[in-house]
Amino acid sequence: MSATSVTITNVRAILTAPAGIGLCVVKIETSEPGLYGVGCATFTQRLGPVKSAIDDHLRPLLVGRDVDRIEDIWHLCYQNSYWRNSPVLNNAISGVDEALWGIKGKRANMPLYQLLGGKCRDGVAVYRHADGRDPQEVLDNLLKLKEQGIMYIRVQLGGYGGIGREPRRPDGALPGAYFDPDVYTLTVPKMFEYIRSKIGFEQPLLHDVHERIAPIEAVRLAKALEPYRLFFLEDALAPEDIDWFKRIREHAAVPLAMGELFTHPLEWRPLIVNQLIDFIRVHISDIGGITPARKLASLGEAFGVRTAFHGPGDVSPVGHAANVHLDLVVQNFGIQEFSGFPDPLPEVFPGCPELRNGYLYANDKPGLGIDIDERLAAKYPVGDVGHVIEWTQSRWPDGTITRP
Ligand code: MG
């Protein structure tokens, strides 16, 4: 190690829930006074194991190492557990990876997008989510987003489940988040028919299936939605069913976006190299951070697949900043999901990307350009948030447990 190298002196996980959603952020401190970085490690459904992976395993592994060797450190963390590739471990690695990119940016006195090759665009187009209990309410909410300048809008009837008759449950059915896939697949095309009849075809519309239906129903739904000219159909299949994308492709000219649950390269590789999807929409911290995400984006570029990184409320603002820096530099950028920064997130995370007229903007500060105010973050403890998750206890009308 050269005498001038800057080394890692501490790695720790910070848990906070300023907007009611548990977030995990990694802070890396260094041998240079005042120089540190932050990274997103939010797996909100399993915060404790991620925190333990960081504090108990990555910290002792990384203290004393050279902050500049990001690629080496990424692979070190990835291989060190021997068994690798899980959302828990990938999130822990992401926190380290993003923090190190932030430190490198500060050392270079450049925003991350400069280090990654410079801007391909100046603002990042986002999509936002409109839902409602009936097609008219969805349309009303869509028009409100349009008035705010949002160009791309995802329309959902009753969240992700569709809406209609109350499921008829058998006696003794267990409690859970019930939904009826039949009602869903019947009502969603009707919603699109209604909205297109009212606003025409120029407005880009998206829809998320949330992997909630049987594969053959996904084929049928894609065919039914073809006439409504979707910008994309999101997560039509579960990762377990990706072989079925070939069938959807054969039957419907509908742009397909896939991958918010992906954690393993073998999940996305066949879909990209066989051009079976049009948008790859991984959750960046779930695949291990900026380092693997930029490689994934390059793989997509070679095969005409655009990016659409996952951007819900359980990505911390630090993770959203990482999304935006990547979106700015990736030639094959498609769209960015964005869930907004409800108060008090902008105060707890100074430097949040800004949304103006349908585009997100990163700031020009060195590194990720975002920080965490730890004193404020401590005022919003995670507590019981996320200990028992209700919405993932999904059941079909007869009570069968199923994917959320
Ligand atoms: Mg989704």
Side-chain angles (χ1 to χ4, degrees), residues 21 40 42-45 87 90-91 124-132 138 141-142 145 150 152-163 177 179 181 184-185 188 191-192 204-215 217-218 221-222 225 230-242 244-245 248 254-264 267-268 271 276-287 293 296 300 305-316 319-320 322-323 326-327 333-340 360 389-392 394 402-404:
I21 297 176
C40 182
T42 301
F43 176 6
T44 198
Q45 289 82 1
N90 287 354
N91 267 284
V124 169
V126 302
Y127 75 84
R128 300 204 66 174
H129 178 114
D131 65 14
V138 178
N141 288 329
L142 179 160
L145 288 171
I150 303 299
Y152 299 82
I153 299 170
R154 186 173 71 184
V155 286
Q156 304 289 140
L157 205 48
Y160 295 116
I163 220 156
F179 76 96
Y184 169 77
T185 52
V188 166
M191 171 191 70
F192 272 96
L205 295 177
L206 302 74
H207 180 72
D208 187 0
V209 181
H210 220 266
E211 52 157 348
R212 285 198 136 189
I213 53 178
E217 290 298 338
L221 181 64
L225 294 180
L230 272 62
F231 180 80
F232 67 52
L233 184 64
E234 176 174 329
D235 289 341
L237 297 166
E240 292 87 342
D241 294 325
I242 56 175
W244 282 78
F245 272 112
I248 298 182
V254 174
L256 299 170
M258 179 62 189
E260 74 183 49
L261 289 179
F262 283 173
T263 58
H264 195 293
E267 292 170 315
W268 59 73
L271 297 183
L276 293 173
I277 57 170
D278 304 280
F279 297 86
I280 181 73
R281 46 176 284 90
V282 297
H283 187 113
I284 285 180
S285 68
D286 265 307
I287 69 164
L296 170 56
V305 175
R306 288 177 276 171
T307 64
F309 294 128
H310 196 213
D314 55 0
V315 168
S316 74
H320 281 284
N323 281 343
L326 280 164
D327 296 336
F333 167 75
I335 190 87
Q336 177 60 58
E337 180 182 17
F338 183 58
S339 51
L360 265 178
I389 315 290
E390 304 287 344
W391 73 270
T392 52
S394 297
T402 186
R403 293 185 297 258

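What's counted below: heavy atoms across the whole structure, side chains too, no hydrogens, waters or symmetry copies. Counting starts at 1 for both ligands and their atoms, following the listed order. If you read the sequence from its start, that first residue is 1, and numbering goes on from there.
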| message | So, using side-chain hydrogen bond (donor to acceptor under 3.5 Å, both in side chains) as the criterion, who are the partners of Glu217 when residues are at least two apart? | response | Arg220

| task | Identify, with sequence neighbours excluded, every residue that meets side-chain hydrogen bond (donor to acceptor under 3.5 Å, both in side chains) alongside Gln336. | result | none

| task | Is it possible for you to check whether Arg212 lies under 6.0 Å from the centre of the six-membered ring of Phe179, through NZ or CZ, and within 45° of that ring's axis? | result | yes

| message | Checking Phe245 now: which residues fulfil ring-ring contact (aromatic ring centres under 6.0 Å, His included) with it, not counting sequence neighbours? | response | none

| task | Tally every protein N/O/S atom whose distance to the Mg ion (ligand 1) is less than 2.8 Å; waters are neither shown nor counted. | result | 3

| Asp314 and Thr42: side-chain donor and acceptor closer than 3.5 Å? | no

| task | Decide, yes or no, whether a salt bridge links Arg403 with Asp241 under the criterion of side-chain N to carboxylate O below 4.0 Å. | result | yes

